[in-house]
Each structure stands twice: as C-alpha cells, then as structure tokens.
Amino acid sequence: MKLNIVPARTGLTWVKLGITTFTKQPLAMSGLFFMFMALLSVATLVPYVGAALALALLPAATLGLMAATQEAAKGKFPMPTILISAFRAGRQQMRAMMVLGALYAAGFLALMGVSALFDGGQFARLYLVGGAITEELVLQSGFQTAMWVAMGLYLPLSLLFWHAPALVHWHGVSPIKSLFFSFLACYKNFGAFAVFGLAWTGLFILAAIVVSLIASLLGSPALATVSMFPVALVIMAMFFTSIYFTFRGSFVADDDASTEPKSLQDGAATDRAVAEDKT
C-alpha cells in the first residue's frame, strides 16, 4: 500500500463515481443508508451512554457503507449484513475497529468539551442530548462561538478518521497508524478533497433551488419543505457512496490495479507519469 497523490480535479471524479455507483443499485444503497442512520439513532436511545455509543459505532458503520459501495461498483447487490462487515473480518480487526470507534468517540466528546468552555455547554448539550432550538439561544454570542469552535475542531478530527476505518479493515493497519496515514492522505490531496467538498455542497444547494422553484411554480411553498427532506437523504446517500472512491483514489495497493474503477486507474497512471517526468 502506498499513498497516491492526485490532482484537484480528481475530486470531481470521486463525486461522479459516487453518483454513478449509487444509480447502479439505488434501492440497495438507499436502504443501507437508511439502516445506517437508523442504527446510529437507535444507539443514541441507550440510557446515559447513547451519544457516546453512536459515536463509537460511526467508523464501523461507515466502513459498512464503503464495503457496500465496493460490491455495487462490481455490479453486485449489497446485502444488509454488509453493514456489519467490520465485525465479521476476524477478532483482531474487530478489536482494532472497536479501538478506532472509542478513539473517535473520545475525540468528538473532547472537542465538545472545549466548545462548552464558551457557552457553558449549551451547544454540546443540544447536539448530544437534544432539546428545543430557540431564536434566543441561537442568537447568544457564546452559543455561536461554541458552534464555530466545534466546527473548526471537527475538521482535523474528520481528516484523522476519514480513511482510518478502511485502512484498518482492508489493510490491517493499526488504529493509531491509520489515523496518521488518513490525515497525511487528506493533507497531501487537499486540493482534491476541497473540490470534492465544494462539489457536494454545490449539488445540495442546486437541489434545494430546483425543489424551491418547482414548489413556487406549483403555487405550494409547503411542498418545498416536504420534498427537500427525502431529496436531502438521497444526496447524503450518494455522498456516503462516494467516500469509498476517495479512499481508493488516495491509496494504491499492489493487488488493487485489476479491481480499481477505470477512471481512477487512468488518473493514477497520469499522476505517476507526471511524477516520473519531473524526476
């Protein structure tokens, strides 16, 4: 396994591959995403430790969606049991994934703890436990500061864990090393990830505009509110489908060449040729 440095335009390729793969198995990928959301939601209902448990399960659940994408990319129908792939790969990898989940939960709770220093924990309580969102609460300067601090701290946390589940599961990398390699890959391919994020943001905004225009033409503003929820869920399902391709594009293994999507193979070959020319 080695790190693959890709140009910024590859971010669009990842988005395209995610959408294309989703359309190959729309029912399966949508159903698995809903199960993914339901699993995390049910975990939050566990008394006292629900929020921490849901956070700890997130890396393993995300790996399950990546494994489903891998199957869909091969033209296969991913079964629901694929969501627990992280816990069926052997005792050693299962322990490693549990450690990774514990680290993620600890990191997320720690950043929420830092945000609590600015508003007495109101934002953290609202996010982790739930509650009513009032205009008065949102307009408080302390609450806004806590929100922005949490968002700022979440970026490096997400980069640490972006590729980590896949590295642990498919390459047997230890949890701590997987965090280092994940952050390094995201840092080295920052341009591609920036384009990737901007593209998905643009698609979401475009979908919202289209839904609003259709609702306005039909003379039913309430239709926009009702329709946007399922549309947003489908876009999120496509987004999670594309995460697998960010991993495949950022790392290359000796046995990956024959199974890698052709668009990623071509991109990697081009990058290697450019690198050789420079040397």
Side-chain angles (χ1 to χ4, degrees), residues 1-33 36 58-78 82-83 85-86 158-171 173 178 181-204 207 233-272:
M1 180 194 70
K2 62 180 180 179
L3 179 63
N4 187 38
I5 309 300
V6 298
R9 66 177 181 274
T10 306
L12 291 177
T13 301
W14 295 338
V15 173
K16 180 182 176 181
L17 286 170
I19 295 173
T20 302
T21 304
F22 178 88
T23 57
K24 288 181 180 178
Q25 298 287 354
L27 293 179
M29 297 308 297
S30 295
L32 287 169
F33 176 70
F36 165 86
L58 187 58
T62 302
L63 185 279
L65 289 179
M66 293 178 72
T69 302
Q70 184 184 52
E71 291 294 289
K74 295 176 181 177
K76 300 179 181 179
F77 186 90
I82 204 166
L83 275 181
S85 296
S158 65
L159 297 183
L160 283 168
F161 285 87
W162 190 268
H163 298 301
L167 289 169
V168 167
H169 181 74
W170 279 308
H171 295 284
V173 180
S178 73
F181 290 133
S182 176
F183 187 87
L184 182 63
C186 293
Y187 173 74
K188 291 292 187 179
N189 289 316
F190 178 79
F193 277 93
V195 171
F196 176 78
L198 289 172
W200 278 115
T201 301
L203 285 173
F204 186 86
L233 287 178
V234 170
I235 293 176
M236 286 299 297
M238 290 180 176
F239 169 77
F240 272 89
T241 302
S242 67
I243 290 177
Y244 170 74
F245 298 106
T246 68
F247 171 70
R248 290 301 301 270
S250 298
F251 294 93
V252 177
D254 294 336
D255 57 347
D256 280 350
S258 62
T259 59
E260 193 171 71
K262 188 177 185 303
S263 55
L264 287 184
Q265 291 182 41
D266 294 342
T270 301
D271 298 337
R272 286 193 291 271

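Since this is a predicted model, take the numbers as computed values, not measurements.
- Contact record, Thr21 with Ala72: CG2-CB, 3.7 Å, taken as the closest heavy-atom pair.
- The aromatic rings of His163 and Phe251 lie perpendicular to each other, with more than 60° between the two planes, well past the 30° mark.
- Interatomic distance, CG of Asn4 versus CZ of Arg248, reported as 11.0 Å (0.5 Å rounding).
- Note on ring orientation: taking the six-membered ring where Trp is involved, the planes of His171 and Phe247 are tilted (angle from 30° to 60°).
- Within a 6.0 Å radius of NZ in Lys188, no more than 12 heavy atoms belonging to other residues, nucleotides or ligands are found.
- By the 4.5 Å heavy-atom criterion applied to side chains, Leu159 and Tyr187 are not counted as neighbours.
- For the pair Thr13/Val6, no side-chain contact is recorded, criterion being any heavy-atom separation below 4.5 Å from C-beta on.
- Atoms OG and CZ, from Ser158 and Phe183 in turn, are 9.5 Å apart once rounded to the nearest 0.5 Å.
- At a threshold of 4.5 Å between non-hydrogen side-chain atoms, the residues Thr69 and Met29 count as touching.
- A heavy-atom distance below 4.5 Å is not found between the side chains of Val168 and Leu63.
- In this structure, Ser85 and Ile82 have side chains that are in contact, with non-hydrogen atoms separated by less than 4.5 Å.
- One distance of note links CG of Leu3 with CG of Asn189; it measures 6.0 Å at 0.5 Å rounding.
- Put simply, CZ on Phe239 and CG on Leu65 are 11.0 Å apart, with the number rounded to the nearest 0.5 Å.
- For the residue pair Pro165 and Pro59, the shortest heavy atom distance occurs at CB-O, 3.6 Å.
- Residues Val234 and Phe22 form a side-chain contact, since some pair of their non-hydrogen atoms from C-beta on lies under 4.5 Å apart.
- How far CG of Leu160 is from CZ of Phe181: 13.5 Å, rounded to the nearest 0.5 Å.
- Ring orientation note: the planes of Phe33 and Phe240 are tilted relative to one another, at an angle of 30° to 60°.
- Taking every heavy atom of both residues into account, Phe77 and Ala28 meet most closely at CE1-CB, 3.5 Å.
- When all heavy atoms of Val15 and Ala199 are compared, the closest pair comes out as CG2-CB, 3.9 Å.
- The side-chain heavy atoms of Thr246 and Ile243, taken from C-beta on, include a pair separated by under 4.5 Å.
- Taking NZ of Lys76 as the reference point, atom CD of Gln25 lies at 12.0 Å (rounded to 0.5 Å).
- With 3.5 Å as the limit, one finds a donor-acceptor pair spanning the side chains of Trp200 and Ser242.
- The aromatic rings of Trp14 and Phe196 lie perpendicular to each other, with more than 60° between the two planes, well past the 30° mark.
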Q | Working for side chain to side chain contact (heavy atoms under 4.5 Å, CB included), residues Trp170 and Gln70 | A | CA-CA 12 Å; Trp170 279 308; Gln70 184 184 52; 3.6 Å; yes
Q: Dump the intermediate steps for side chain to side chain contact (heavy atoms under 4.5 Å, CB included) on Phe36 and Leu58, then the final yes or no.
A: CA-CA 9 Å; Phe36 165 86; Leu58 187 58; 3.6 Å; yes
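- Counting only distance, with no hydrogens or angles, the side chain of Thr241 and the backbone of Gly18 share no donor-acceptor pair below 3.5 Å.
- Of all heavy-atom pairs spanning Glu71 and Pro78, the tightest one is CB-CB, 4.2 Å.
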